[in-house]
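Proteins get letters first, then strands, A, B, ... in listed order; numbering begins at 1 in each.
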Amino acid sequence: MSETIPPVLPLELVDKCIGSQIWVLMKTDKEFTGILRGFDQFVNMVLEDVSEYEWTSEGLIRTHLDQILLNGNNICVLIPGGAGPNETL
Amino acid sequence: MTTQGNIEKRSPADFLKQVVGKPVVVKLNSGVEYKGVLACLDGYMNIAMEQTEEHVGTQLKNKYGDTFIRGNNGK
């Protein structure tokens, strides 16, 4: 019972996610899902095969983008392997 | 801000090097999009573009020559 769990640094967790799907929540009503290609110290992110989701009063709007550089300034939450939002929420 | 390109690359610095000279879409926090040819940019994500068109839903303004977008507007 005296096992200690090794700490995981946030950037390590993001690094493990490179090459696989990630779900990104922004501070605003926007979300992105896509394959993580890379990131930097500011957590600006290069994503590929991206779905951009916007929550509006009319409902959820989805756009597809090939490759993007997502500015880290407004990123709030990262979810490795996340499938993204669905309409029912 | 988001920019669209077509080739695989890795981190943001690599991505940006590879995208210079290509047509891109820059989307600001406000939702306004700017489509143009990326001339250059710096470490603060300040962007210089040529032949830019400004889109808010529908097309509003046309710009030719150089445009400069300050990096803090990106989303």
Side-chain angles (χ1 to χ4, degrees), chain A residues 10-78 84, chain B residues 1-60 66-75:
Chain A
L11 295 183
E12 285 177 6
L13 180 58
V14 182
D15 189 67
K16 287 185 189 177
C17 199
I18 291 180
S20 51
Q21 184 85 351
I22 193 168
W23 180 11
V24 182
L25 310 180
M26 314 297 284
K27 294 179 195 171
T28 60
D29 293 329
K30 266 222 181 166
E31 302 176 15
F32 294 85
T33 59
I35 301 169
L36 179 60
R37 283 295 167 217
F39 68 100
D40 61 12
Q41 54 184 322
F42 308 108
V43 200
N44 298 313
M45 304 178 72
V46 180
L47 298 176
E48 201 172 75
D49 194 20
V50 179
S51 291
E52 174 185 10
Y53 299 91
E54 184 165 8
W55 295 93
T56 66
S57 46
E58 290 100 34
L60 187 61
I61 299 177
R62 183 186 170 174
T63 323
H64 179 262
L65 306 160
D66 289 328
Q67 193 169 93
I68 68 172
L69 171 59
L70 185 57
N71 192 322
N73 254 321
N74 296 292
I75 291 178
C76 189
V77 182
L78 305 176
Chain B
M1 78 190 80
T2 59
T3 59
Q4 295 181 15
N6 274 324
I7 316 175
E8 297 189 26
K9 261 297 179 175
R10 292 183 57 241
S11 44
D14 299 326
F15 178 87
L16 294 172
K17 281 181 210 165
Q18 158 240 310
V19 144
V20 170
K22 300 215 170 113
V24 294
V25 178
V26 180
K27 189 172 204 172
L28 305 187
N29 246 330
S30 56
V32 178
E33 293 188 356
Y34 294 88
K35 301 188 183 185
V37 177
L38 188 61
C40 54
L41 54 89
D42 64 14
Y44 296 103
M45 289 208 191
N46 297 319
I47 285 184
M49 292 205 293
E50 297 175 349
Q51 297 161 31
T52 314
E53 295 175 356
E54 181 180 32
H55 289 78
V56 181
T58 62
Q59 187 167 328
L60 281 192
D66 298 327
T67 58
F68 176 82
I69 300 172
R70 197 166 190 277
N72 66 332
N73 285 300
K75 175 217 89 53

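Taking 4.5 Å as the limit, some side-chain heavy atom of B/M45 sits within range of a side-chain heavy atom of A/L69.
Under the salt bridge (Lys or Arg N to Asp or Glu O under 4.0 Å) criterion, B/E54 pairs with B/K61, not counting sequence neighbours.
More than 12 heavy-atom neighbours from other residues, nucleotides or ligands sit within 6.0 angstrom of CD on B/E53.
Atoms OG and CD, on B/S11 and A/Q41 in that order, are 11.0 Å from each other to the nearest 0.5 Å. Note that CD of B/Q18 is 6.0 Å distant from CD of A/Q67, once rounded to the nearest 0.5 Å. Between atom CZ of residue B/F15 and atom CG of residue A/L70 there is a gap of 10.5 Å, rounded to the nearest 0.5 Å. Residue A/M26 holds its CE atom at 7.5 Å from CG of B/N29, rounded to the nearest 0.5 Å.
Residue with the most contacts toward chain B among A/L36, A/D40, A/V50, A/I75: A/D40 (heavy-atom pairs, distance under 4.5 Å).
A side chain to side chain contact (heavy atoms under 4.5 Å, CB included) with B/P12 is found for one member of A/N71, A/V43, A/N44 and no other, namely A/N44.
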